[in-house]
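Everything below concerns the one structure shown next.
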Amino acid sequence: MKNKHLLSLSSLTLLGGAGLAAAQAQDNRPNIILIMVDDMGYSDIGCYGGEIPTPNIDRLAENGVRYTQFYNTARSCPTRASLLTGLYPHQAGIGQMSEDPGTTAEQSETRPFGYKGYLNKNSVTMAEVLKESGYHTYMTGKWHVGMHGMEKWPLQRGFERYYGILAGACSYLQPSGGRGLTLNNSHLPAPQPPYYTTDAFTDHAIQFIDEPKDDKPFFLYLAFNAPHWPLQAKDKDIEKFIGQYEEGWESISEKRHQRMIDMGLVKEEWGIAEWESRHWSDLTEKERHDAALRMSVYAAQIYAIDYNVGKLIDYLEKSNKLENTLIVFLSDNGACAEPYSETGFATIAEINNPAQWIHPSYGLPWAQVSNTPYRKYKVRSYEGGICTPFILSWPARYTQYNNQLRNNIAFLPDIMATFVDASKSTYPETYHNGSKIFPMVGSSILPTVSSPDLSIHDYLFGEHFDNRYVRKDKWKAVKDEKSDQWELYDMEKDRTERFDLAQKHPAILKEMVTEWDNWAKQTFIYPKPENKK
């Protein structure tokens, strides 16, 4: 069954009270782990064509399925809002940016409904749903969906235990101040070295899972801040990649592209999206050295994610939990080109400065490489901004499909529906002392594992800072922030979005834009706040 519009319910059959009680009595329901990385590109990991060694994430793919057309919202905080609630981000209250240390609760309340900057009470989180269903609920890592007022923190939104950062970015080496660490409902002092967020988030996740002595299933949301800027990695990890990127942007991208073709992830005829920077041969020797070093640190950050994923998998295996654990892995948006310059933020001298939470970054060209072969990057609604690697693994149920690809079109709200389906939970109509809850937008992805040709959506829609898109079957319409015109692309023939067919198929474009307009009227896109990016 397809869900045509915003208010359509998921195609799931949700259990009533008696059915739920029976499910809990047996409680052979799966543990559920959601792993999300931050600002990682489509082709960075090995199983999606990358040269960075990621054997543990690749192992998830080998023991699961990889999706080639899974969509996020193009930026961290609206993605997290949509992911956690199963709604479009504007419905949940984070259509643009979340509250951060530089904002106030008073500012949030002056903004329109879709842009408050925190999860509203017309939404429920997957932790709230699963906790009601009898699950333990844990979170470690980056929250970024509200912080001014404890009622907006993880424990007040369904999680039993929490360790991480409430803000959107922090130092990997010494998080402090408004971008410091929180344990449950208490702020922590800055950690003493040696400390690294990727390690700490994983270690606390394992600790939380290991603490209970009952037989209840658990839900873990592990939200790494890596590889988001700043460039900060352990010296021993950086050393593994020194010299590996001296061959340059184009060469690395071309090799990734060929591996992706060989894996069946992309079609050769799509080519690679337009290049926006100088060629590597145009750089001076020092410029090449510095650029290569930035990418080496970025690669080390992803490498650290991978061995921490391995640490978690090893724990699950040794404790006999892996077989009946549903694991989902994805990135919150495409690779980050900020501040949209060739060299990125700051100089290489800032690398591993524990006092920094922004500087440095790796620059626009490497972001394009990370998103090979797709167009653009984080924030934009082209494929490089909104398409993510997505892995689903559940050994107890789906071993016969191991290491297969799925081209089914899916997006963030489907994850809530999937977890409700797998856990035999009930998504509520009211919550938060009687507040009306918006119906789920998504549909369960689980049927697509066994049915590669199944379509679970008529349309997908998105909007972020006036970057708009609508997807229907093979067609995708895009209106970019830098244009007043909608563009039209055939995703079967041109997923790198090189050939605009708006003039050739005006009737198709008009129909899709009309659908987007109707969706926007229902989804609190308007009115928009006055603030700029």
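- Ring pair F218/H136: centre-to-centre distance not below 6.0 Å.
- In this structure, the ring of F411 has its center less than 6.0 angstrom from the ring center of H457.
- L34 is not listed as a side-chain neighbour of L222, based on a closest heavy-atom distance of 4.5 Å or more.
- In summary, the aromatic rings of Y135 and F219 are positioned with their centroids too far apart to meet the 6.0 Å limit.
- For R406 and Y67, the positive end is not near the middle of the six-membered ring at less than 6.0 Å and at most 45° from its axis.
- Residue pairs satisfying the salt bridge (charged side-chain N to carboxylate O under 4.0 Å, His left out) criterion with at least one member in residues 76-85, sequence neighbours excluded, are listed as follows: D38-R80, R80-D332.
- Closest of all the heavy-atom pairs between E109 and K116 is O-NZ, 3.2 Å.
- The pair E383-K476 meets the salt-bridge criterion, since a charged nitrogen lies less than 4.0 angstrom from a carboxylate oxygen.
- Residues Y162 and T182 have side chains in contact (heavy-atom distance under 4.5 Å, counting atoms from C-beta outward).
- By the ring-ring contact (aromatic ring centres under 6.0 Å, His included) test, W475 is found to be paired with H505, residues two or more places apart in sequence or in another chain being considered.
- Taking a cutoff of 4.0 Å between a charged side-chain nitrogen and a carboxylate oxygen, E481 and R380 qualify as a salt bridge.
- Taking 4.0 Å as the cut-off between side-chain N and carboxylate O, D480 and K482 do not count as a salt-bridged pair.
- A distance below 6.0 Å separates the ring centres of Y459 and F461.
- Contacts of Y48 classified as ring-ring contact (aromatic ring centres under 6.0 Å, His included), with partners at least two apart in sequence or in another chain: Y42.
- Salt bridge E487/K479: absent, no basic N to carboxylate O contact under 4.0 Å.
- Every residue two or more places apart in sequence or in another chain was checked for a ring-ring contact (aromatic ring centres under 6.0 Å, His included) with F224, and none qualifies.
- W519 and Y88 have their aromatic ring centers within a separation under 6.0 angstrom.
- For D517, the side-chain contact (heavy atoms from CB on, under 4.5 Å) partners two or more places apart in sequence, or in a different chain, are V513.
- In terms of the ring-ring contact (aromatic ring centres under 6.0 Å, His included) criterion, F499 has no residue partners (sequence neighbours excluded).
- For S98, there are no side chain to side chain donor-acceptor pair (under 3.5 Å) partners at least two apart in sequence or on another chain.
- For D494, there are no salt bridge (Lys or Arg N to Asp or Glu O under 4.0 Å) partners, not counting sequence neighbours.
- Within the 4.5 Å cutoff, the side chain of Q91 has no heavy atoms near those of the N122 side chain.
- Between W153 and H187, a ring centre-to-centre spacing shorter than 6.0 Å is recorded.
- Salt bridge present: R75 and E338 bring a charged side-chain N and a carboxylate O closer than 4.0 Å.
- Using a 4.5 Å cut-off on side-chain heavy atoms (C-beta onward), V478 and S381 make contact.
- Take R468 and apply the salt bridge (Lys or Arg N to Asp or Glu O under 4.0 Å) test, not counting sequence neighbours, and it matches D466.
- Evaluation of the side-chain contact (heavy atoms from CB on, under 4.5 Å) rule for L446 yields L392, W394, R397, Y398, T418, D421, A422, S444 as partners, not counting sequence neighbours.
- Qualifying side-chain contact (heavy atoms from CB on, under 4.5 Å) partners for K510, counting only residues two or more places apart in sequence or in other chains: T514.
- Partners of P339 by side-chain contact (heavy atoms from CB on, under 4.5 Å), not counting sequence neighbours, listed by chain and number: S341, F345, S361.
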